[in-house]
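This report concerns only the one structure given below.
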Amino acid sequence: MTHGPGMNGLILDEPLLWEKGKKGRCGFSMVEQDVPEANLDNLENLLGDGPDFPDLSEIDVVRHYTRLSTWNFGVDTGMYPLGSCTMKYNPKINEKMAAMPGITTSHPLLEDKLSQGTLQIMFELQKFLAHITGMDAVSLQPAAGAQGELTGMQIFAAWFRKKGEKRNKILIPDTAHGTNPASAALCGFKPVAIKSGADGTLDVKVVTELMDEETVGIMLTNPNTLGLFEESIRDVTTIVHEKGGLVYCDGANMNAVMGVVDFKRCGIDVMHLNLHKTFSTPHGGGGPGAGPVCVVDQLKNFLPVPRVKHEKGRYYLEYDHPDSIGRLHAFFGNFGVLVRAYSYILSMGAGNLKKASQLAVLNANYVREAFRDVLHLAYDKPCMHECVFSDKMQHKYKVTTLDMAKRLIDHGYHPPTIYFPLVVPGAIMIEPTETENRDDLDQFVAVFKDVVREAKENSERLREAPTRTKLRRLDETRAARKPCLIG
Ligand SMILES: *Cc1c(COP(=O)(O)O)cnc(C)c1O
């Protein structure tokens, strides 16, 4: 049979534009020439042949991009249960606000008096974030979570430099996101891994043993990367402070604790938030982000510049801070992300932000209980916004986490995060988020349970999955080592 365009019903196949083009096709008609033809030979000699763009008609181009757009999967298409990423649904009102002409046409070089509205958004967003975290001062400068970490580590370094103390180690739990040790190392600190306790959280005894006066402090994540709340947080921060150290908190998991945890009271000195995870910016495919940094009073002079100030009814930018770690980049980061967060916070209100966190925790625990008999639970205790399983119970059928994840795709589900955190071999990390309703969760659970049943009854089928996609299993190593960058 001739291979038609349909790979799977009406999911259409589509080649590269270079394969599709035919010499002489054109997407527009030129008006008839009414001036003498000019000789461009000299220009061609000067410019060369130019890039080899394919010749295409208008409908070739329209169909190409429309077909590609139907291959996308996002939270607007279906559940996106990636743990450690918070892929929740983001209300469209926030997109609408970020797209208002007054926002999209504002220019970063306009003087303060012509930018009062945008400055007010930044000023108020800083206040909201301080309030939500319990911290004293906020900078919106970092453009991603990882840049927030880097800012925090630079603040640590600046603090000890100012005090004239030489410290070069930093404690980081073995469950941490990979960016944590990377950010610390960029500031010259040697990461010292802390082994998690048997229950997946920080072991106070280990922290006590490792914290000394050559150590700048600790970089922890709360709730941590296993989706567990660090219950001994107050003891840990006290130990670090007693040795003159500082405490950094990676706040990427804020979705579980908005309006619930006061980080300053927990003893945190610096933390970052990922606005694109917790505060409503779609970020699949590595889209733009913002990683504001929140600090306690004693560290506020070290925050990056410019700072947004408000005095006598006027908003303005301030650059003159001798202790500041300086600028992180030109201008103000991904401003649209800040607008979405501002709009999300205002449209939700304090009570609903708290409720969103409570529902995120409820949904994760619902999923955790639902799989109790069919998947091995890495840490059997109530979780926060995400839960971690492993493929231990499927080993006897020679079925792995990857096999189950690929089979989920056949059933129309984006797989959860797999093989992370590294401390759980064969990890399956599910973050349902607060925006999935009970019917959708039940459907996801039912499908996942079918896949688990298949592992027992027809493991061969799982090892072949996915079978209903355009492409089957990809050679991920080759894709990373020898990427094909044509087209
Ligand atoms: C996502 C994430 C980061 C990094 O944030 P980016 O915005 O992707 O740079 C750091 N830590 C944790 C726990 C995360 O989940």
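Every number for a ligand or one of its atoms is a count from 1 in the order of the listing.
- Residue, atom and distance of the protein heavy atom nearest to atom 11 (N) of ligand 1 are Asp250 OD2, 2.5 Å.
- For ligand 1, one of its N or O atoms has an N or O atom of Ala146 under 3.5 Å away.
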| said: Does Asp269 form a salt bridge (Lys or Arg N to Asp or Glu O under 4.0 Å) with Lys264? I'd like the steps, not just the answer. | reply: CA-CA 7 Å; Asp269 298 300; Lys264 186 168 135 185; over 6 Å; no
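- Closest to atom 4 (C) of ligand 1, if we only count protein heavy atoms, is His177 CE1, 3.8 Å.
- In this structure, Lys300 places its NZ atom where only 12 or fewer heavy-atom neighbours from other residues, nucleotides or ligands lie under 6.0 Å away.
- Looking at Ser84 against ligand 1, both its backbone and its side chain come within 4.0 Å, counting heavy atoms.
- For Gln147, the heavy-atom gap to ligand 1 stays at 4.0 angstrom or more.
- Shown here is Asn72, whose CG atom has more than 12 heavy atoms of other residues, nucleotides or ligands within 6.0 Å.
- Comparing heavy-atom distances from atom 8 (O) of ligand 1 across His276, Glu386, Glu431 singles out His276 as nearest.
- Looking at Asn180 next to ligand 1, no N or O pair under 3.5 Å apart turns up.
- Polar contact check, Lys277 against ligand 1: a nitrogen or oxygen pair lies under 3.5 Å apart.
- Atom NZ of Lys392 sits in a sparse spot, with 12 or fewer heavy atoms from other residues, nucleotides or ligands closer than 6.0 Å.
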Q. Is there a side-chain contact (heavy atoms from CB on, under 4.5 Å) between Phe335 and Thr104 once you walk through the steps?
A. CA-CA 9 Å; Phe335 190 70; Thr104 54; over 6 Å; no
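- Geometrically, ligand 1 and Ala252 share no nitrogen or oxygen pair separated by less than 3.5 Å.
- Nearest protein neighbour of atom 6 (P) of ligand 1, counting heavy atoms only, is Gly145 N, 3.5 Å.
- Residue His329 qualifies as enclosed at atom NE2: its count of foreign heavy atoms under 6.0 Å is above 12.
- Here the heavy atom of the protein found nearest to atom 5 (O) of ligand 1 is Asn274 ND2, 3.0 Å.
- Judged purely by distance below 3.5 Å, without hydrogens or angles, the side chains of Asn224 and Asn253 never pair a donor atom with an acceptor atom.
- Remark: Lys92 NZ is packed, more than 12 non-hydrogen atoms of other residues, nucleotides or ligands lying under 6.0 Å away.
- The atoms of ligand 1 that sit less than 4.0 Å from any heavy atom of Glu149 are 10 (C), 11 (N).
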